[in-house]
Amino acid sequence: MSDHLGSPAIRVLMMPRDTNAHGTIFGGHILSLIDQAGAIAAHGAGARKVVTVAIREVVFKHPVHVGDIVSCYTEMVRTGRTSLTVRVRVFAEDPVARDCAEVTTAELVYVHVDEAGQPSPLQPADSP
């Protein structure tokens, strides 16, 4: 994949335990990977503890199968005083056929919180 996709955050081999009754990977499993990838990007931008506030429209364009390698790429869209918006693009690759397809793209909003769970101002990524 090229650099224009964003930063690689997660690569996972899809296993049988993650399938639905149709034999494809549960959409909820992909949503979990999207949320994890977005949180990784938020931490990379200086957030220590985040909560997910919103996952904007997720449209599944391509099924994911057992044995596919799912890759999530992230891009910071916006950083506010206490919130971050991250775009996550998901691709599935069949490692045997070497086919790769875009599964979905989503934007997620996270809020940086303190130990009490209250919104907290973000610190720059290079701050202690």
Note, [X] side chain near [Y] side chain (heavy atom, < 4.5 Å):
X	Y	answer
V88	L108	yes
V64	T24	no
T79	L122	yes
H43	K49	no
E107	E57	no
V66	I25	yes

If you measure from [atom1] on [X] to [atom2] on [Y], what distance do you get to the nearest 0.5 Å?
X	Y	atom1	atom2	value
R78	R87	CZ	CZ	13.5 Å
S7	M76	OG	CE	9.0 Å
L33	R11	CG	CZ	13.0 Å
H62	E102	NE2	CD	11.0 Å
L13	I69	CG	CD1	6.0 Å
T19	H29	OG1	NE2	10.5 Å

Counting N and O atoms only, with roles assigned by atom type, does the side chain of [X] sit under 3.5 Å from a partner on the main chain of [Y], one being a donor and the other an acceptor?
X	Y	result
H112	S120	yes
D114	Q118	yes
T104	V59	yes

[X] and [Y]: which non-hydrogen atoms are nearest, and at how many Å?
X	Y	result
G67	P95	O-CD, 3.2 Å
P63	D68	O-OD2, 4.4 Å
V96	D94	N-OD1, 2.8 Å
A106	I34	CB-CG2, 4.2 Å
M14	H65	CB-O, 3.6 Å
V86	A41	CG1-CB, 3.8 Å

Decide whether [X] and [Y] are clustered together by the hydrophobic rule: side chain heavy atoms of Ile, Leu, Val, Met, Phe, Trp, Tyr closer than 4.5 Å, transitively.
X	Y	result
V90	I55	yes
V51	L84	no
V58	V70	yes

#### Entry: R48/Q123 under side-chain contact (heavy atoms from CB on, under 4.5 Å): CA gap, chis, key distance, verdict
CA-CA 9 Å; R48 289 181 177 78; Q123 303 295 321; 3.6 Å; yes

### Task
Using the test side-chain hydrogen bond (donor to acceptor under 3.5 Å, both in side chains), find all partners of S32 that sit at least two apart in sequence or belong to another chain.
Q36

### Task
Kindly determine whether I40 and T74 satisfy side-chain contact (heavy atoms from CB on, under 4.5 Å), including the steps that lead there.
CA-CA 9 Å; I40 289 168; T74 61; over 6 Å; no

### Query
Can V50 and V113 be said to form a side-chain contact (heavy atoms from CB on, under 4.5 Å), step by step?
CA-CA 6 Å; V50 294; V113 295; over 6 Å; no

### Message
If the test is side-chain hydrogen bond (donor to acceptor under 3.5 Å, both in side chains), which one of T82, D35, T85 qualifies with Y110?
### Response
D35

### Task
Could you check F60 against I30 for side-chain contact (heavy atoms from CB on, under 4.5 Å), going step by step and ending with a plain yes or no?
CA-CA 10 Å; F60 292 102; I30 302 299; 3.7 Å; yes

